[in-house]
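Encoded as structure tokens, the structure appears first; notes follow it.
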Amino acid sequence: MTTNPAAGGAAPSTRAARIVIGQLINHGVTDLVLAPGSRNAPLSYAAHEAEDAGRLRVHVRIDERSAGFLALGLARGSGRPVPVITTSGTAAGNLLPAAMEAFHSRIPLVLITADRPATMINSGANQTTDQLGLFGAHTRADARISAPDGDPAAWGFAVTRLCAAATGLRGTTPGPVHLDVALVDPLTPGTADTTTAPGDVVATRIDPVIRPAEPVALPAVDGTVIVAGDLPPARGRHLADLAATAQFPLLAEPSSNARHSATAIATYRLLLGTALGSDIRRVIMVGRPTLSRPVQRLLAAAHVEVVVVDPHPDWIDPGLHADRVVPGVTLEPAGTAWLRRWRTADRALIGLLADEPTMINGRLHPLHLARAVAAADPDQLVVGSSNPVRDLDLVPFVGATVVHANRGLAGIDGTNATAMGIALSQPDRSTWALLGDLTFLHDIGGLLVGAAEPVPAGLRIVVANDDGGSIFATLEHGATPPPRRFERLFATPHGADLSMLCRGYGVGHRLVTDHDQLQAALAAVVEGIEVVEVAVDRADRPAQAARWATLAASAIAP
């Protein structure tokens, strides 16, 4: 353990801020996201000092909601804890969407909110509210430290405890944590203060208390499939290898990162509605599968044995039907006849879907767009919620693209910022995003990057623009007349000019209206941030389900 009293002569808020930043760095933080404000100024100065010393990379964003999702993307892409700092009041509240997603996705996000001293709470002072517990049940731990009356050792201890909770070292489940920091005037370093190094107190090494449990050996059972939901890349790769060795059909969502397995079934979502789905007797579920109703029905089916594989204490069981929960598995290899039935049907259905027209109503077919993006095989792909991820779910993956998606709560919040964070976390890898137009517009502020800020070397955002929320057309709402009510309440056509918006944010834009333009756009080299807007059809969405169900039935060998 080491100590550094360098910050000892500074004003209380400056000293506390330097200790907080120093302890974060001690515990593996390399990137920090900051939203500007006055009350959080001591933390801003301390972070900037650490960046000048080469110990930290700082990202400044003016919108706290986008800042939260930028931090989430950095944490998701790097696997390291990433703090996001805001000032007090409503600024802090804007971190809630990112906190909710991080909690359910088990992402190590460190939420740091500046605050007034405790004596000012409930006094009516400007920008003052009770911030402790602000994020409710959506944090793994929280703490408050006070610059005017705190002990520097206690400040360091609080940060250490929170970093351990964020990374799951002591409880096995990572996730967001909240540190509320009460700061007092002066909020700027004094003129007599020449110290610029972050202040360190005790640099405690944190060893995990719970070691990985031994996997459980499962015997082969006829009619077994593996269902893979959202997973980190390393777990997805392991699962892909496990499924290939055991010869079980793998029904894997795009963000499971297991789609490159030799046993992955690209069209599983449609095949579940055929006799193949009826013959399933056991499901081995790994990750968070939230993408499709057929999978949810399978997980809740009374005749199906469900084995949940989850090393965390708060295991996932969306069907409320788990027969067994295990931390890991080894699988006895099965016979090949069951897998052969799935593969044969999958190949046939892939071919039938490939025969769908490239253009519909003068616009590109969204499935064609998803197929083209998957075939381009970028190093990293961020997929938005709603239809783009479901379209991608029906096409085969040709490479080993790492796929990220905010599937913890499957919202459209902050997706541009998340993609930005993932791109910045892996600067040597090509990063693309595939989003719908509403998802893109919902986080249009995520495109705003200051002139002095780090910018991705190459981030391509492909926007499937069908001028509205086409996901609702595939749900029960799309079948409810009259059409005018559906369009206004659910489809919400916007008519926004994406090219003008991109120009205003200083982002490159390219409009694609046919197959040749799409191929040229995806083949071009990406420099900086580029938006490829692809005009796709949504009028055909309601008819797709019935048509594709018929194709799936015809793909099953008699």
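What you see is a predicted model; the values in this text were computed from it and never measured.
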Assess the side chains of [X] and [Y]: does a donor N or O sit below 3.5 Å from an acceptor N or O?
X    : Y    : answer
S88  : D115 : no
T415 : D443 : no
Q296 : S292 : no
Q23  : T160 : yes

Would you check if the side chain of [X] reaches a backbone N or O of [Y] as a donor-acceptor pair within less than 3.5 Å?
X    : Y    : value
D393 : R269 : no
R460 : A521 : yes
R363 : N465 : yes
D537 : D540 : yes
E253 : T290 : yes

Can you confirm whether [X] is buried at [atom1], in the sense that more than 12 heavy atoms of other residues, nucleotides or ligands lie under 6.0 Å from that atom?
X    : atom1 : result
E527 : CD    : no
H509 : NE2   : yes
L489 : CG    : yes
H238 : NE2   : no

State whether [X] and [Y] are salt-bridged, where the test is any N-O pair (Lys NZ or Arg NE/NH1/NH2 against Asp/Glu carboxylate O) under 4.0 Å.
X    : Y    : result
R140 : D314 : yes
R541 : D391 : yes
D31  : R57  : yes

Which heavy atom of L435 sits nearest to which heavy atom of V382, and what is that distance?
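In terms of heavy atoms, the two residues are closest at CD2-O, 4.4 Å.
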
Parallel, tilted or perpendicular: rings of F490 and H477 (30°, 60°):
parallel

